[in-house]
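Atoms within each ligand, like the ligands themselves, are counted from 1 in listed order. On a predicted model such as this, the values are computed, not experimentally measured, just so you know.
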Amino acid sequence: METDSGRMESSVWLGSKRHRALLSGWRFSWTELDKKNRDKNTISVPVSEVIAVMEGQVEIQPQKKVKDTDRDFTVFYVKRSNTSGGKAPLWSLGRSQFCCPSRDLRDQWVTQLRIALKTHCPSRPHRLLVFINPYGGKKKGKQIYHSTVAPLFELAGISSHVVVTERANQARDHILKKDLTGFDGVVCVGGDGMFSELLHGVIGRTQQEAGVSEHDPCVMLQPCDLHIGIIPAGSTDCVCFATVGVNDPVTSALHIIIGDSQPLDVCSVHHHSTLVRYSVSLVGYGFYGDVLAESERRRWMGPLRYDYSGFLVYLCNRSYQGIVQYLPADSQITSPRDNSRCLSGCKVCSESTERLFPRSESCSSLYSRQLSQYSIDSEGEWLSVEGSFRCVSLTCMSSSCPRSPKGLSPSAHLADGTGDLILVRNTNPLGFLTYLHRHTNTQDQFDLPFVEVHRVKAVRFSFPPNEEDDEDEPKESRNITAGIPGDPGTLSEGNVESGRLGSQQHLAEKPREQGMKEKGRKKRDYLCGLCSSKRSPTSVWNCDGEILPYSEILCRVHGQLVRLFARGIEEDTVSRKYHEGSRNCQGRCILHN
Ligand SMILES: CCCCCCCCCCCCC/C=C/[C@@H](O)[C@H](COP(=O)(O)O)NC(=O)CCCCCCCCCCCCCCC
Ligand SMILES: Nc1ncnc2c1ncn2[C@@H]1O[C@H](COP(=O)(O)OP(=O)(O)O)[C@@H](O)[C@H]1O
Ligand SMILES: [Ca+2]
């Protein structure tokens, strides 16, 4: 046996096989020895991926069982499944029970491993605030949390305060208003809508505390420290899929436990000088807006509502007039058509950190400088495109999801401070189907004559002037469907089937005097008239699954505004092993387990 600071090595037994266990700096490994003491297989785990070290022989599945023997200790760690073909590995809980020659040695192993955990994993959460949406996706949120996630948190020594929501926006309001002292992060068990509640709560709270006005599109928002975790239990679960690579509650729980940190770009959506919402995945007009509007009254169908509504909307074959103005990002750095992929440890994103938050200036002076000098019109030249569009989509990330594993914009980056603007001009039904279908295969969806894509920092959408004259009311108030902000009818639990619910009270709301009756009429008219011969000339905006109450909007991308308990998409196991021989692995990228 050998120990010195941070290093320990000894003989141990795993079942009937003798091994040499070695803790060296940030790695813990054990190697099987044959009868002649020659090395056979080695399993090596970075300390940052050790979940817990327990005395005795411990099991947690199917139930927790501890056999408190003198010479044993159990190590739980992250284990990856073998995957190929670009699929990110699933994580599961690995467990190895070691038997030492003496109790003393066992105690030393437990102590040293726990010290290593403290030293190498300073940013693990100890206390979490968890919100479960019992109605999200297939309505399995509570079951997923209690049977799969809670036992893992308990094993890792994380204490959690759980709130099962009783109404929409409860999680957001809780984060905005309640005392959060002692919490290292907030977690949602639900879908993208539930994530969006946490996003609005965390950003809103951070700006309140920093005294920053969210409504001003030119303001430099304060980056948020409180991390957000997502346990996927919704319908699309795009944010989880695009930041982890799989929708799996165990994988996400393990990322939360080890305190992974993934910065994320966020888009703020404004109407005149009022903040309407924030978005991380899709701000989409036309097809995706119509699909969402259609799908709201079919919530009872669960996740399938999107496919069914998508099919109906596709048959409607609609396109919409609009003017799209955008502020291009620096095209020298990256492009949405450069065939790159934003993977875990992405170089483009980490280099963007330096650009977005230059180290040479102290935080406070930088902040006040940007506050006073930033102007959305001084950031470069705006370009303009006018026409008839099947859809206009802006996404800050790839927006991949199980339905579309490469997403709306496969080469978009999670944290580069830019978004991708996709303009799909009017085309024939077969052309549009080809475009949609390419989201599901390896063909390039941007390589079509009616599609263009731009990497941008900001986008404005408005209508051509003559459009305004066709109708008897301004467009701003025409596009009302489900999920009307401030609509009390949508806030109750009993109403969950009727749709997405309410928007932040501190954000832009339509004047209340418009009244429920009018809103109800417009909602009906819009939905019934969707495919009718007297077509509405406008669509609605889908903002991460929420319908916006305005059509003319300004969107601005805020680089790395929030942080998730995630690390980006890992390469599949086969590619990783292939690359391992040729690169000098650092930290968590080496995995033999
Ligand atoms: C022919 C197959 C076409 C497949 C097209 C797949 C495109 C997928 C793009 C996905 C972008 C996802 C962006 C994320 C949005 C979410 O934030 C948001 C909220 O999620 P939540 O309910 O979990 O809270 N989700 C959504 O707004 C849903 C948008 C989903 C659109 C899917 C549309 C499916 C269309 C199927 C068309 C079928 C045409 C068939 C013609 C014969
Ligand atoms: N208890 C509740 N009752 C009604 N609506 C809720 C409740 N909790 C959350 N919500 C709202 O439900 C919407 C959908 O939730 P989400 O978890 O995203 O599921 P899905 O992915 O199926 O849409 C969210 O916009 C959220 O604000
Ligand atoms: Ca981005």
How many N, O or S atoms of the protein are nearer than 3.0 Å to the Ca ion (ligand 3)?
-> 5
Got an N/O contact under 3.5 Å between Gly193 and ligand 1?
-> yes
Of all the heavy atoms in Arg299, does at least one lie under 4.0 Å from an atom in ligand 2?
-> yes
Heavy-atom contact under 4.0 Å between Gly545 and ligand 2?
-> no
Would you check whether Arg305 reaches within less than 4.0 Å of ligand 2, judged by its heavy atoms?
-> yes
What part of Tyr135, side chain from CB on, backbone N/CA/C/O, both or neither, has a heavy atom under 4.0 Å from ligand 2?
-> side chain
Quick one: list whatever passes salt bridge (Lys or Arg N to Asp or Glu O under 4.0 Å) with Lys138, sequence neighbours left out.
-> none
Asp225 atom CG: more than 12 heavy-atom contacts under 6.0 Å | no
The salt bridge (Lys or Arg N to Asp or Glu O under 4.0 Å) partners of Arg438 (sequence neighbours excluded) come to none
Would you check whether Gly136 has a nitrogen or oxygen atom less than 3.5 angstrom from a nitrogen or oxygen atom of ligand 2?
-> no
Tell me which part of Glu166 gets within contact of ligand 2: side chain, backbone, both or neither, using heavy atoms under 4.0 Å.
-> backbone
Residues Ser411 and Arg337: side-chain donor-acceptor under 3.5 angstrom = no
Quiz: residues 388-397 side-chain donor-acceptor pairs under 3.5 angstrom, not counting sequence neighbours:
| from | atom 1 | to | atom 2 | distance (Å) |
| --- | --- | --- | --- | --- |
| Ser388 | OG | Ser319 | OG | 3.1 |
| Arg390 | NE | Asn426 | OD1 | 3.4 |
| Arg390 | NH1 | Asn317 | OD1 | 3.1 |
| Arg390 | NH2 | Asn317 | OD1 | 2.5 |
| Arg390 | NH2 | Thr427 | O | 2.6 |
| Thr395 | OG1 | Ser281 | O | 2.8 |
| Thr395 | OG1 | Met397 | N | 3.4 |
| Thr395 | OG1 | Met397 | O | 2.7 |
| Thr395 | OG1 | Ser399 | OG | 2.8 |

